[in-house]
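Below is one structure, written out as structure tokens; the observations come after it.
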Amino acid sequence: MKRVLLTSWIVFLAFASLFGQYGLTRDATWKPSLSKDGIDQIYLTTGGLNNPQVHLVDIDGDGSDELYIFDKAGDIHLGFRQSLVPETPFIYDASLTAGWPAATNFVMPRDFDNDGIIDLFTFSSVSGKSTIEVHKGARQNGRLTFTLVAFPDRPEDLLYYDSNGEELIVYHAITDIPSIEDFDNDGDLDIVTFEAGGSYMYHYENIATGGSTPADFLQFIRRTNCYGGVLESSNDGSIFLASTPGTCATPFAPQGGGLGSRSGIHPGSTITASDVDGDGDLDLLLGDINSDFMTQLINEPVNGDAFFTEASTDWPSGTTPVEITFFPAAYGVDFDKDGVNTYLVSPTNENVSQNYEVLWRYEPSGEVPGQLSLAQKDFLSNQAFDHGSGSHLTMADLNGDGIDDILVGNDFYYDENFPDDRVAELALYTSNSSGGYDESSPAWLNSLNAELRVNLLGLDPLLQDMDNDGDADLLIGSELGVITYVENTGSGGVANFPSLTLSWMGISAGIQSSPAVIDVNSDGLLDLLIGLRRGSVSLYLNQGTRTNPQFSSTATDDFYGRIDTRIPGFNSTALARPAAIEINGEPVLYVGSGQGRMLVYTDLPSGAGGTATLQAELETKAGFDLDPCFGRDAQGIELMLLGNERGGLSPFRRDGVVNTRRTSAFAKTWKAYPNPTKGEISFDGLDAGDVLTVFTSTGQVVYQGSADNIANIFTQAPGVYSLMLTNRSGESRGSQRLVVLP
């Protein structure tokens, strides 16, 4: 479910209406209150944060800055408006970055032509080159749009520099984050980045004088082969300084006097130029892929040229210094426009370092320039519904109030106390009386997590009534490929999952199992579908009964429906994560993928062989490792929550589904009884003109109309139903869960 988003393979979500009932639209109105770790998750729908790169820029052109984040995990653009309210200093607004170009590895917003509109510098690997491309910003109908800057006189539209009349590529390693600033104070943007060997920083000076095309503002020469005289060690990130300006340090002659790149492939570095000591020139903060600290280089320019005279690896001193396991990067942001930066530090390596304490915030302290104090390690991420790496959601009513709750599994949290520094667990968010959700820790959850933490990673849960007793049981896919099963033994609608079967029925489908359940052969039994890391789905037909499901340990079809999420060249992270739903009485699969695709399949084969019909390829712009789940919100309306690699969620609605929602406070003013029932039900609290809609547990509508005409429709079909009531104006009056016993 992860990896590179290729627009040539994706159909834009803007055209989702072409797919009718199968299309998806992000729901910007779904903003329930949700508490996690006792903190209101005001950035609930951002999708989480793993490797954020942070900048303050004016996105909407109103003269004030917005907070822009590019998350390397998922290659996602995120925009936040600043607020004057202390409790909510930022407001997430997905529209700020809607339609921005696909980017990888790093994005640096800068204004290269001084027209007052930000442009984007980002990594490029066109034709196998490792360099930088630039997207020119423009405003159209109030929205910021971008166009790749063209260089008609060059082989590709990339950054080159002139070397004695020869055009050479501006090298930039795929691992790195460069610094793009006006280093020589001449009014244009220069570039400092490490050379291919990674020992020295190259300074590419912009010598453009402007012109009629964007390319006329981006003309470079290589000003120096060792910016500031510094050499970085390939072994441990140690820094060697030149003793005199204009020379280059070497590990053998620290006094300077040579230029020789280290051998081997450049492992990776991040560069941040900022006036750290407040003396008016640009110092540097370096992160290295081999290190968990940041190196501070103090600049004492000579005749306008950088010369670094001091290096320290405990930045910032006087407080808790940076210690982010391998490869931190720093970002200076001046939130209050007083000329003094707050610094935010985040991990750059994906999936091998901190994945929830991912923005260390250092605030200025005292009167001494450069003196900082660590304020927090989880800036924004502590309010972004962040579950580390990977989020896999499932919804069902577990507290007996008739409203779907949210259960989340993750791939792992980074935790040095566990093997391989990784631990996975489940988290539960139960509905409350105000239409929101509260984090809950029932005894059964604590017990399950204690066992799961020492056995499994990559937890992908599914809540489904497998034994037809009216409550949702729990299936869990995992990195090992087994299916773990926990029967719900609760009563009165309140769940209880007392003990788990680690490897249920001997099923071991393959690496990274992701379960879904639906009746594919119309025999009244729920069959098991398992998505796998290789990008395919395996089918296990139910050979038991409605109350006692039985599955062979061997798949009925290990390439079911010929479902395939792979993109050539990115197969190692294909992943298939299916979610099943009935649409107009027919089973449909939504399959999230590792590369960020959402595939919709119909005409599902009833057994082995056959090919499902690919109805749609949808772009969600939600990142990589997409994992869909269907449920209902507090108003009883169908909802799709989409998990992703960054450990958060994004809310979507299926096109064609009625999305009316009450504006008044949530309250349940009607009820169906008895509940549970053996088929006969009565109602209290209905008004004239109310319309009742009845859904099966898989989302199929089996009745819609007046409640007066519903008599006896349940007597021959026991199971779990959702009842949704709307008034004559189409506004929801809420929903209830109804258990019909045999």
Side-chain angles (χ1 to χ4, degrees), residues 1-3 5-27 392-395 460 462 514-520 527 529-532 535-539 557 559-567 574-606 610-632 637-644 649-659 695-696 698-701:
M1 324 283 297
K2 312 178 196 271
R3 267 341 62 183
L5 208 79
L6 302 181
T7 55
S8 61
W9 283 79
I10 306 292
V11 180
F12 262 68
L13 192 61
F15 299 104
S17 59
L18 296 175
F19 306 118
Q21 60 193 337
Y22 305 116
L24 297 172
T25 300
R26 185 185 288 266
D27 187 354
H392 311 292
L393 302 96
T394 183
M395 298 180 70
D460 192 336
L462 174 67
S514 180
V517 171
I518 200 164
D519 182 3
V520 300
D527 305 304
L529 300 171
I530 302 178
L532 300 167
S536 61
V537 174
S538 294
L539 167 67
D557 188 344
F559 193 11
Y560 175 65
R562 300 304 179 259
I563 293 170
D564 192 347
T565 68
R566 293 175 298 173
I567 294 176
L575 289 166
R577 297 196 188 271
I581 188 171
E582 286 189 9
I583 300 177
N584 297 329
E586 297 295 328
V588 177
L589 277 189
Y590 283 73
V591 185
S593 77
Q595 294 92 351
R597 309 164 80 199
M598 178 65 67
L599 309 180
V600 186
Y601 288 92
T602 62
D603 302 319
L604 302 182
S606 60
T611 301
T613 299
L614 177 61
Q615 286 284 355
E617 298 182 31
L618 307 175
E619 184 184 20
T620 63
K621 296 203 173 202
F624 303 143
D625 195 5
L626 301 183
D627 195 350
C629 86
F630 287 97
R632 298 194 178 276
I637 302 170
E638 181 189 298
L639 173 73
M640 188 184 82
L641 296 183
L642 189 58
N644 65 72
L649 67 78
S650 302
F652 287 83
R653 302 287 178 176
R654 190 166 51 81
D655 291 356
V657 176
V658 177
N659 293 332
F695 303 88
T696 67
T698 57
Q700 180 184 359
V701 176

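Here the structure is a predicted model, which is why all the values come from computation and not from measurement.
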When every non-hydrogen atom of Gln595 is compared with those of Thr565, the smallest separation belongs to OE1-O, 3.6 Å
Phe630 meets the ring-ring contact (aromatic ring centres under 6.0 Å, His included) criterion, sequence neighbours left out, with Tyr590
For Asp460, the side-chain hydrogen bond (donor to acceptor under 3.5 Å, both in side chains) test, sequence neighbours excluded, returns Ser514, Arg577
message: What I'd like to find out is whether the side chain of Ile530 reaches to under 4.5 Å of the side chain of Val537, using heavy atoms alone.
response: no
Any Ile518 side-chain heavy atom under 4.5 Å of Asp527 side chain = no
| said: Using the rule given for side chain to side chain contact (heavy atoms under 4.5 Å, CB included), can you reason through Gln21 versus Asn584, listing the C-alpha separation, both sets of side-chain angles and the distance that settles it, and then say yes or no? | reply: CA-CA 10 Å; Gln21 60 193 337; Asn584 297 329; 2.8 Å; yes
To the nearest 0.5 Å, atom CG of Leu618 lies from atom CZ of Arg654 at 12.0 Å
I want to check something: taking the side chain as every heavy atom from C-beta on, are Thr25 and Phe652 in contact at a cut-off of under 4.5 Å?
no
Minimal heavy-atom distance between Ala580 and Ala516, with the atoms involved, is N-CB, 4.3 Å
CE of Met640 to SG of Cys629, rounded to nearest 0.5 Å, is 8.5 Å
dist Leu604:CG -> Leu539:CG (nearest 0.5 Å) comes out at 9.5 Å
Sorted by chain and number, sequence neighbours left out, side-chain hydrogen bond (donor to acceptor under 3.5 Å, both in side chains) with Asp564 holds for Arg566
Closest non-hydrogen atoms of Leu393 and Leu642, given as atom of the first, atom of the second and distance, are CD1-C, 4.3 Å
Closest heavy-atom pair, Gly535 versus Ala574, reported as atoms and distance to 0.1 Å, is CA-CB, 3.8 Å
ask   = Any side-chain heavy-atom pair from Pro651 and Leu639 closer than 4.5 angstrom?
value = yes
To the nearest 0.5 Å, atom OG of Ser650 lies from atom CG of Leu641 at 9.0 Å
Taken in chain and number order and not counting sequence neighbours, the residues that satisfy side chain to side chain contact (heavy atoms under 4.5 Å, CB included) with Thr602 are Tyr22, Val588, Thr613, Gln615
dist Met395:CE -> Leu462:CG (nearest 0.5 Å) comes out at 13.0 Å
Would you mind reporting whether Ser536 and Tyr560 have side-chain heavy atoms less than 4.5 Å apart?
no
Distance-only donor-acceptor check, side chains Ser538 and Asp557, under 3.5 Å:
no
(Q) Using side-chain heavy atoms (C-beta onward) and a distance below 4.5 Å, is Leu529 in contact with Leu589? (A) yes
I'd like to check Pro628 versus Met598 (side-chain heavy atoms, cut-off strictly below 4.5 Å). Are they in contact? yes
Inset, instruction - Determine whether Arg26 and Thr620 make a side-chain contact, defined as any pair of heavy atoms from C-beta on separated by less than 4.5 Å. - result: no
dist Arg562:CZ -> Leu614:CG (nearest 0.5 Å) comes out at 15.0 Å
Across all chains, not counting sequence neighbours, the side-chain hydrogen bond (donor to acceptor under 3.5 Å, both in side chains) partners of Thr394 are none
- Query: Just by distance, do the side chain of Arg653 and the backbone of Glu638 share a donor-acceptor pair under 3.5 Å?
  - Reply: yes
